[in-house]
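The analysis underlying the following values was restricted to heavy atoms, covering all of them including side chains, and did not include hydrogens, waters or symmetry mates. First listed ligand is number 1; within each ligand, the first listed atom is number 1.
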Amino acid sequence: MTTTALIDFPSHNPATGEEIGRYRNYTAEEVAAAVDRAHASSQAWQALGFSGRKKILVAWNAVLTKRLTELAELVALETGKPLSDATLEISLAIGHLDWASKNASKYLAPVSRNPGLIMANMKARVERAPYGVVGVIGPWNYPVFTPMGSIAYSLAAGNTVVFKPSEYTPGVGAWLGSTFAEVAPFADIFQVVTGLAATGAALTGAAVDKIAFTGSTRTAKKVAASAADRMIPTVLECGGKDPVIIDRDANIKKAAEYALWLAMSNAGQTCIGAERVYVHQAIADEFIREIGAMAKEIHPGVNKNYGPATMPSQLNVIQSHIDDAAAKGAKFLIGGVDSVQPPYVQPTIMLDVPEDSLAITEETFGPTLTINRVADMDEAIRLANATRYGLGASVWSKRNGEKIASKLVTGMVSINSVIGFAGIASVPFGGVKDSGYGRIHGPEGLHEFTYLRSVVSERFALPIAFTTFKRTKFADKFITGVMKFLH
Ligand code: NDP
């Protein structure tokens, strides 16, 4: 039996393994039908205009806000994360939905352009038109915040959306779909198609006009290949190997406290989580002492600092990275080769980890952190950039933060802070290299879900014809003369 033949599939509580719900496993035909329906409702959604759409999105946000705890409980149940983390995640998503709905008219309004001297008889403007139907594919680690970066901005820009949530968080996806339906003026503006990987593949092969994918780099490449076949544009938000760079003039205690949270929270399952620290050798011992003492107080479990690995197979990846680092001579400040205790992973901090270790070169996606000493910030920057990923970074220095940040090959940097860029709705979110391309959030996130249309029109007719077969020798001479005069 193929997976698409399954009518439904279970969602589990990753902490207990208990089945907590069953969801429809949408077939390729059902996905195609959903996309067709999204096309059918697209014109009406566009016709509502910015203010009409804003009313609906603000109403949806009010439902999310009112029922925040209910949604947070569902997120906590399906991902295993603490309720407090789920609440923070949803709060950030609410901020983005609010920003997108209220700023779309400003950033997507037509812009007049100067036609230039030689075309002075024309007027010109640039419009931004919605693509039509956007297919959104999301991961399980932040099942509300992450897809909302595409859903909210796509809808605000005038697209209809078909959303495929991760098979680990189908209940959260279904909840978002049903609450939108409560405020929708008509059907099929925002649809959710639950299912396994084949459902996501079906969405990338359906008649969508743009694909917004968040997930692993491996799957992103498959999505991009499928889209390239039909010249469908994509925005790809993929994995990371984010560095934390700590200079000798940093506030060491604060850097340790924040780096620890950035590495361990959400069980390390954060695309912009800390995976590597490069610390100036002059303060390395003190930093290691501080972070080691703080890490002893961090524990996984139900109602503890972080939950289980949401996706059981990730435990094998985490174990292999720890084993590889140990075999290559890394020392353990906290944890060790026995850190993986399914479904949990104990906090694990490795020191002096060879740069060719998997824990340095591949995304671990677990509550682990490597700490390596550097002679100076040039070395820190070189090592931070020596990765195939380029998502986010955190820099700690009283005086050199801006200088270090400007040399990092990443889409986002937080100075003397962590992940600030995810919470500020007005700045774009995304990466370079294997971390993907395109941007969600901010004006650029709205632009991402529109295409450009240049519209020019004649203001007054010229006595000389240039763009007809009636062009004369005089016209040629005139053009040459004007060009010589101008240039
Ligand atoms: P996956 O790539 O495994 O899955 C992402 C989504 O794609 C899921 O909905 C999945 O469905 C679906 N999918 C799987 N195969 C295909 C396919 N062939 N075609 C289309 N869709 C498919 O990633 P994870 O869910 O494991 O998410 C974790 C990854 O996401 C990490 O690498 C993390 O760094 C990254 N991430 C990046 C973020 C960013 O903004 N840059 C934010 C959050 C996470 P199913 O679950 O049913 O297999």
Side-chain angles (χ1 to χ4, degrees), residues 3-4 6 9-12 14 23-26 28 31 78-79 89 92-93 96 135-150 162-170 172-173 192-206 208 211-227 232 234-242 266-275 309-314 317-318 362-366 388-392 410-412 419 421-422 428-441 445 448:
T3 48
T4 46
L6 294 171
F9 66 103
S11 165
H12 293 105
Y23 294 89
R24 184 161 189 82
N25 186 28
Y26 278 71
V31 170
E78 281 198 318
T79 62
E89 176 193 341
L92 291 179
H96 280 283
V136 175
I137 299 174
W140 43 265
N141 56 343
Y142 291 91
V144 179
F145 173 77
T146 296
M148 191 58 88
S150 298
V162 179
F163 170 43
K164 151 71 175 77
S166 165
E167 69 190 72
Y168 294 97
T169 51
V172 174
V192 177
V193 289
T194 47
L196 307 178
T199 305
L203 185 57
T204 67
V208 290
I211 297 166
F213 171 86
T214 309
S216 65
T217 303
R218 192 171 38 83
T219 311
K221 289 179 181 175
K222 288 187 204 164
V223 169
S226 164
I232 303 295
T234 53
V235 46
L236 304 175
E237 298 289 350
C238 314
K241 194 72 198 171
D242 287 9
N266 206 34
Q269 305 167 124
T270 304
C271 56
I272 46 173
E275 298 228 348
T310 307
M311 186 170 70
S313 61
Q314 194 64 26
V317 175
I318 299 167
E362 301 293 326
E363 185 182 47
T364 309
F365 227 51
R388 63 191 181 95
Y389 293 105
L391 195 55
T410 62
M412 301 164 287
I419 69 162
F421 41 74
F429 186 105
V432 292
K433 302 197 277 185
D434 265 10
S435 294
Y437 48 73
R439 292 292 182 268
I440 54 172
H441 302 174
E448 189 71 49

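Contact annotation: for Pro165 versus ligand 1, heavy atoms closer than 4.0 Å belong to the backbone alone. Counting heavy atoms closer than 4.0 Å to ligand 1, residue Ile440 contributes nothing at all. Residue Phe429 touches ligand 1 through its side chain alone, judged by heavy-atom distances below 4.0 Å. For Ile272, no heavy-atom contact with ligand 1 is shorter than 4.0 Å. The part of Cys238 lying near ligand 1 is the backbone, judged by heavy-atom distances below 4.0 Å. Residue Thr214 touches ligand 1 through backbone and side chain together, judged by heavy-atom distances below 4.0 Å. Residue-level proximity to ligand 1 for Leu391 is carried by the side chain, the only part with a heavy atom below 4.0 angstrom. Here Glu363 has side-chain heavy atoms under 4.0 Å from ligand 1, and that is the only part of it that gets that close.
Looking only at atom types and distance, the side chain of Thr79 has no donor-acceptor partner in the side chain of Tyr142 under 3.5 Å away. Between Glu78 and Ser11, the side chains place a donor N or O and an acceptor N or O closer than 3.5 Å (distance only, hydrogens not considered).
One finds the OG1 atom of Thr204 at 10.0 Å from the CZ atom of Phe213 (value rounded to the nearest 0.5 Å). Note that the CG atom of Asn141 and the OG1 atom of Thr310 stand 7.5 Å from one another [nearest 0.5 Å]. Distance NZ/Lys222 to OG1/Thr217: 12.5 Å, rounded to 0.5 Å. A distance of 13.0 Å separates CH2 of Trp140 from OG1 of Thr214, quoted to the nearest 0.5 Å. One finds the SG atom of Cys271 at 9.0 Å from the CD1 atom of Ile419 (value rounded to the nearest 0.5 Å). Atom-to-atom distance recorded for Thr234:OG1 and Ile137:CD1 is 10.5 Å, nearest 0.5 angstrom.
For atom 26 (O) of ligand 1, the nearest protein heavy atom (residue, atom name, distance) is Trp140 NE1, 2.9 Å. Of all protein heavy atoms, the one closest to atom 48 (O) of ligand 1 is Glu167 OE1, 2.9 Å. Regarding atom 11 (O) of ligand 1, its nearest protein heavy-atom neighbour is Lys164 NZ, 3.0 Å. What sits closest to atom 44 (C) of ligand 1 on the protein, heavy atoms only, is Asn141 ND2, 3.3 Å. Annotation: atom 35 (C) of ligand 1 to nearest protein heavy atom, Gly215 O, 3.3 Å. Protein heavy atom closest to atom 16 (C) of ligand 1, with residue, atom name and distance, is Thr219 CG2, 3.3 Å. Closest to atom 8 (C) of ligand 1, if we only count protein heavy atoms, is Gly138 O, 3.3 Å. Given atom 27 (O) of ligand 1, the protein heavy atom at minimum distance is Pro139 CB, 3.3 Å.
In this structure the side chain of Thr194 never reaches within 4.5 angstrom of the side chain of Thr199, judged on heavy atoms. Taking the side chain as every heavy atom from C-beta outward, Tyr23 and Pro165 never approach each other to under 4.5 Å. Taking the side chain as every heavy atom from C-beta outward, Asp242 and Tyr389 never approach each other to under 4.5 Å. For the pair Val317 and Phe365, the minimum side-chain heavy-atom distance is 4.5 Å or more. The side-chain heavy atoms of Ser435 and Lys241, taken from C-beta on, include no pair separated by under 4.5 Å.
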Legend entry - Working for side chain to side chain contact (heavy atoms under 4.5 Å, CB included), residues Leu391 and Met412: CA-CA 6 Å; Leu391 195 55; Met412 301 164 287; 3.8 Å; yes

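Atoms of ligand 1 lying under 4.0 Å from any heavy atom of Leu196, numbered from 1 in the order shown and given with element: 47 (O). Ligand-side atoms of ligand 1 in range of Ile137: 6 (C), 7 (O), 9 (O), 12 (C), 20 (C), 21 (N), range being under 4.0 angstrom from any heavy atom.
Counting only non-hydrogen atoms, the option in Tyr168, Phe365, Phe213 that gets closest to atom 28 (C) of ligand 1 is Phe365. The residue among Gly436, Gly431, Cys271 with a heavy atom at the shortest distance from atom 39 (C) of ligand 1 is Cys271. Considering only non-hydrogen atoms, atom 1 (P) of ligand 1 lies nearest to Ser216 out of Ser216, Ala422, Ser435, Ser313.
Residue contact annotation: Gly195 has a non-hydrogen atom under 4.0 Å from ligand 1.
In this structure, atom 4 (O) of ligand 1 is not in close contact with the protein, since no protein heavy atom lies within 4.0 Å of it.
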